[in-house]
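Worth knowing before you read on, the calculation uses all heavy atoms, side chains too, and leaves out hydrogens, waters and symmetry mates. Just follow the structure's listing: the first ligand is 1, and inside any ligand the first atom is 1. FYI, the numbering just counts along the sequence from 1.
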Amino acid sequence: MEIDDINSITVLGAGNMGHGIAEVAALAGYDVTLRDINEEFVQSGYDDIEWSLNKLAEKDQISQEDADAALDRVTPLVDVEESVTDADVVIEAVPEKMGIKEDVYTEASEYAPDQAIFATNTSSLSITDLSEFTDNPEQFCGMHFFNPPVRMQLVEVISGEHTDEATLDVIEELAEDFGKTPVRVHRDSPGFIVNRILVPLMNEACWLVHEGEATIEEVDSTTKYGMGLPMGSFELGDQVGNDVSYHVLEYMHDVLGEAYEPCPLLAEKVENEELGKKTGKGFYDYENGGADVPSDQVSESVSDRLTAVMANEVANLIGGDVAEADAIDEAVMLGAGFPNGPAKLADDVGLDHLLETLEDAYEETSAARYEPADYFAEAAEQGGFHGGGEDDDSYEFDTISIETSDDRVGTITLDRPHRMNTISGELLDELGEAIELLEADEEVRSILLVGAGEKAFSAGADVQSMAGSGADPIEAVELSRKGQQTFGKLEDSDLPVVAGIDGYCLGGGMELATCADLRVASERSQLGQPEHNLGLLPGWGGTQRLQQIVGEGRAKEIIFTAERYDPETMADYGFVNDVVGNDELREEAYDLAADLAAGPPIAQRYTKRAMKKGWEDAEAGLEIEAQAFGHLMATDDLMEGVTAFMSDRDPEFEGK
Ligand SMILES: C/C=C/C(=O)SCCNC(=O)CCNC(=O)[C@H](O)C(C)(C)COP(=O)(O)OP(=O)(O)OC[C@H]1O[C@@H](n2cnc3c(N)ncnc32)[C@H](O)[C@@H]1OP(=O)(O)O
């Protein structure tokens, strides 16, 4: 089957995941049948889809017409035969019990067309075992969505032992058509990628506390503020559900062995029905304020242990041919909101050190969970999961990407869409390097700055990583100076710089855009300096540079009110040069950057210098203007400009 042959999708199971998957498929334009065992369940799933679609429309993420059209494409049904008889793809999302799934597959494969592909959303059962309940196990694979499917970008596409390549290809294309990012899991291994990393991490957090090596506060402070993960390990456990982690661990324990023995502390939580957020109590008490993770109890030994255990799982996945390092990183960043993938995090700490940490713990405790995976030493030897530092492609970054085009535009994309393109220390380093690279590239004549995804240009400094290190005032001073200097490179650049703003442009994100020469914003953008809401001030140049553009009165208004502004108001204030339709932003911003790239480089360079100098001292600015004017007289560009004007053609400036 080819992707173009897919029109009808049946989702079996109208629960939390089932109705979410059906909604995603309907939004992508497919006819969807949503099936559950009785009217009440299926109607409840349908109502949830309607609610969610209306919410998306209310938030202007889709139009009301699109929401209504998507709902119209969903047919709720109870009868199995009727639900699958025309299905091109059947996605199963029924409860995680082998017996229930067996019944569902046996019945559905009796009535589904022979060519239909079956995909399971299971997070914990064997794809191979499930495929054997169908007539065509080669047309069966895993298609694991994350909760809630409508918001989460990741889909793990998992091969079973019998799955053929064509099935995986078409399901990957389908996931892309749903607007998701598929990550291929080559082997049917418990937990696939994301749970295989997260669940042993949460288990190790429990062991550290159970063995008296750390407190819950120390572990969570370290996880969140030391390692920079989105939340503490126990906080995450409570969110996932302690029963869910426990059952996944039990399954891993059965299939993969002793290393995955659930910690008694976790078992105790399950026994006491302290399952986390959903029961009001887990490791934290959600009826009394919930998780309050301290930022000042970061412990190096806890960080080493947790990172080492996580790295061991990465080594198991790579060594076991389940997935490659890049796929693991992408999956965990998208599925769990990690700022960097676990392979990259481990590489950054250093595999030699982590291997030693594991070996020491293994020697001390003889616990199987510390036994280094076979592949670990190999990866350490080659300098990391990502192969060490021998990669001499200087255009490779982790938090940004850069691209150059025939129009001589160098585009820098802030590339942390799962974190609203927030600006971390690493991003600042990479941004500085990227600006220098583009400046040094003779083929580049202008810079375009954009954010990845549709939600944000940038929501500012990554406040979480700032809270981790910013408790130290001296470090915070340095961080402020680093931001000022990095963004200042754009101001000082000889190249004209355009910021293409789509979505949130807040705090440090707005300070970055302030350093561009021109700003184009989409209609849906929201701009502002919310730092005062956090008890901070715009510390990446905002107190100085914004007033140069909008004047002191407006700059003070923007900073003191900490409000979010629409782009039209920002255009009235003189901050935004042009407001364009959401769908046109990329093209319009690029075209502007391309126009500037076709301009006279020497005149542009001197104009920027004269204007900047004039901020400090108008007399000095005027002097630079006069000198530059003189120098330009002797350039080929002037000759070319005048000749082109006389011949009524476009000039071709060479910067000479
Ligand atoms: C010197 C410079 C200083 C500064 O720049 S200070 C920072 C200034 N910026 C801000 O104060 C903006 C803070 N963020 C927000 O107000 C909201 O977010 C938005 C309005 C941008 C978006 O709201 P919504 O659409 O409801 O999304 P969501 O669930 O709040 O955010 C999605 C994920 O992005 C993370 N995130 C957003 N902004 C930041 C940030 N500035 N630092 C770190 N993380 C951030 C969230 O926590 C969350 O993450 P999860 O999905 O894991 O819950």
Exercise for the section: Indicate yes or no: does an N/O atom of Arg419 lie under 3.5 Å from an N/O atom of ligand 1? Expected result: yes
Exercise for the section: Scan the protein's non-hydrogen atoms and note whether one is under 4.0 Å from atom 26 (O) of ligand 1. Expected result: no
Handout entry: Close side-chain approach of Leu306 to Met227, heavy-atom, < 4.5 Å
Key = yes
Practice task
Specify the protein heavy atom at minimum distance from atom 34 (O) of ligand 1: its residue, its atom name, and the distance to 0.1 Å.
Solution key: Met420 CG, 3.5 Å
Practice task
Go through ligand 1 atom by atom and flag the ones less than 4.0 Å from a non-hydrogen atom of Glu511.
Solution key: 1 (C), 2 (C)
Completion exercise
For Leu534, the atoms of ligand 1 under 4.0 Å from one of its heavy atoms are 6 (S), 7 (C), 11 (O)
Handout entry: ligand 1 to Val463 polar contact by distance, N or O atoms, under 3.5 Å
Key = yes
Problem - Any Leu345 side-chain heavy atom under 4.5 Å of Phe338 side chain - result: yes
Problem - For atom 43 (C) of ligand 1, closest protein heavy-atom neighbour - result: Asp462 OD1, 3.4 Å
Handout entry: Short side-chain to backbone donor-acceptor contact, Asp243 and Leu275, under 3.5 Å
Key = no
Handout entry: Identity and separation of the nearest protein heavy atom to atom 51 (O) of ligand 1
Key = Arg151 NH2, 4.4 Å
Exercise for the section: Ignoring hydrogens, just give me the one of Pro339, Pro530, Gly460 whose non-hydrogen atom is nearest atom 10 (C) of ligand 1. Expected result: Pro530
Handout entry: Flag side-chain contact, heavy atom, 4.5 Å: Ile412 against Leu438
Key = yes
Problem - Residue pair Leu495 / Asp517, side-chain heavy-atom distance below 4.5 Å - result: no
Exercise for the section: Among all protein heavy atoms, pick out the one at the shortest distance from atom 12 (C) of ligand 1; state its residue, atom name and that distance to 0.1 Å. Expected result: Ala459 O, 3.5 Å
Practice task
Would you check the N or O atoms of Gly508, main chain and side chain alike, for any that come under 3.5 Å of an N or O of ligand 1?
Solution key: yes
Exercise for the section: Specify whether the nearest protein heavy atom to atom 15 (C) of ligand 1 is under 4.0 angstrom away. Expected result: no
Practice task
Output yes when a protein non-hydrogen atom is found under 4.0 Å of atom 53 (O) of ligand 1, and no otherwise.
Solution key: no
Practice task
Say whether Pro230, considering both its backbone and side-chain N or O atoms, lies within less than 3.5 Å of an N or O atom on ligand 1.
Solution key: no
Problem - Note, Val497 side chain near Lys608 side chain (heavy atom, < 4.5 Å) - result: yes
Problem - Heavy atom of protein closer than 4.0 angstrom to atom 18 (O) of ligand 1 - result: no
Exercise for the section: Quick one: do Gln297 and Asp220 satisfy side chain to side chain donor-acceptor pair (under 3.5 Å)? Show the steps, please. Expected result: CA-CA 8 Å; Gln297 295 194 31; Asp220 272 6; over 6 Å; no
Handout entry: Parallel, tilted or perpendicular: ring planes of Phe146 versus His144, cut at 30 and 60 degrees
Key = tilted
Problem - Part of Lys455 with heavy atoms under 4.0 Å of ligand 1, whether side chain, backbone, both or neither - result: neither
Practice task
Check if Arg564 has a non-hydrogen atom at a distance under 4.0 Å from any atom of ligand 1.
Solution key: yes
Exercise for the section: Could you list which atoms of ligand 1 come closer than 4.0 Å to a heavy atom of Thr422? Expected result: 38 (N), 39 (C), 40 (C), 41 (N), 42 (N), 45 (C)
Practice task
Kindly indicate whether a cation-pi arrangement holds for Lys269 with Phe283, taking the cut-offs as under 6.0 Å to the six-membered ring centre and within 45° of the axis.
Solution key: yes
Exercise for the section: Give a yes or no on whether atom 22 (C) of ligand 1 lies under 4.0 Å from any heavy atom of the protein. Expected result: yes
Exercise for the section: Evaluate the 4.0 Å heavy atom contact test for atom 41 (N) of ligand 1: does a protein atom fall under the cut-off? Expected result: yes
Exercise for the section: Count the heavy atoms of every other residue, nucleotide or ligand shown that sit under 6.0 Å from CH2 of Trp615, and state whether that count exceeds 12. Expected result: yes
Handout entry: Main-chain N/O of Thr422 paired to Arg416 side chain as donor or acceptor, under 3.5 Å
Key = yes
Handout entry: Distance flag for atom 5 (O) of ligand 1, protein heavy atom under 4.0 Å
Key = yes
